[in-house]
Amino acid sequence: MRIVRYTTGDDPSYGVLQGDPGSEWIAGVSGDPLYTPVSGTGARVELGEVRLLAPVIPRSKIIGIGRNYAAHAAELGNEVPEKPLMFLVPNTAVVGPDDPVIIPPFTQHCSYEGELAVVIGRMCKDVPVDRAGDVIFGYTCANDVTARDLQGPDKQWARAKGFDTSCPLGPWIETELDTSDLRVVTRLDGEVVQDGSTRQMIHDIPSLIAYASAAFTLLPGDVILTGTPEGVGRVDHGQRVEVEIEGIGTLANPFLRRER
Ligand code: MG
């Protein structure tokens, strides 16, 4: 099932995506599927007539995982961490499909990072690896946009990976997906720049959930970014980045630079 969050000009609504590629439509649902039981409203709207929004705005946190693909760690001259390398991103960084990513004036090297994002569906703590599937609501595409030139000098990655608009999510949440071997492709102005597979992850999704939930209580709507394959690079004003994940869809965002 694909859960969409959208607007036709009024308050955000939720729905379930229906129909074939190219002629999709949305069956409206009442409530918020992440937090409340939902039922169909009977509303039907064509996908092309709505503006899609980030399918989830995390109420508490986004947990990022750094260097979870060996080839990506190597391309930036980093060792593969023995344990997952976690960082936090504030929910104010989230934007949706086609929303502009605003490159702030304090970076001269902004990079894309296409990633599979896991959306947590229930409150949990100390989740065993073999129960991790029970706490997953679904999956979406993410771009873990990074001010690469701040990661070293700042030491903490809060600013480099947490500035406003630095975490596009979408286009929807796919609730049923085998994530063991999904192609993750990133395009910069239409040219493929990243082409990896989730099977290349060093720490798999159950391990990441177990590791993260040992430190933090996870809440419904929390998001875990699972790391990026090799091929990261610079993106600048006027360019467009697409993150396509097999079985989910494509998240696309234009990039604009704010001078001051
Ligand atoms: Mg990343």
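Both ligands and their constituent atoms are indexed starting at 1 by order of listing.
Annotation: side chain of K61 is in contact with side chain of L218 (closest heavy-atom distance under 4.5 Å). In this structure the side chain of Y139 never reaches within 4.5 angstrom of the side chain of T198, judged on heavy atoms. M201 places none of its side-chain heavy atoms less than 4.5 Å from the side chain of I65. V50 has its side chain within reach of L52: a pair of non-hydrogen atoms, C-beta onward, lies under 4.5 Å apart.
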Give the table of side-chain donor-acceptor pairs shorter than 3.5 Å for residues 1-8, with sequence neighbours excluded, one pair per line with atom names and distance.
from	atom 1	to	atom 2	distance (Å)
R2	NE	E174	OE1	2.9
R2	NH2	G247	O	3.1
R2	NH2	I248	O	3.1
R5	NH1	A54	O	2.7
T7	OG1	G9	N	2.8
T7	OG1	D10	N	3.3
T7	OG1	D10	O	2.7

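By the criterion of side-chain heavy atoms lying less than 4.5 angstrom apart, applied directly or through intervening Ile, Leu, Val, Met, Phe, Trp or Tyr residues, V243 is grouped together with I205 in one hydrophobic cluster.
Around the Mg ion (ligand 1), protein atoms of type N, O or S found under 2.8 Å number 3.
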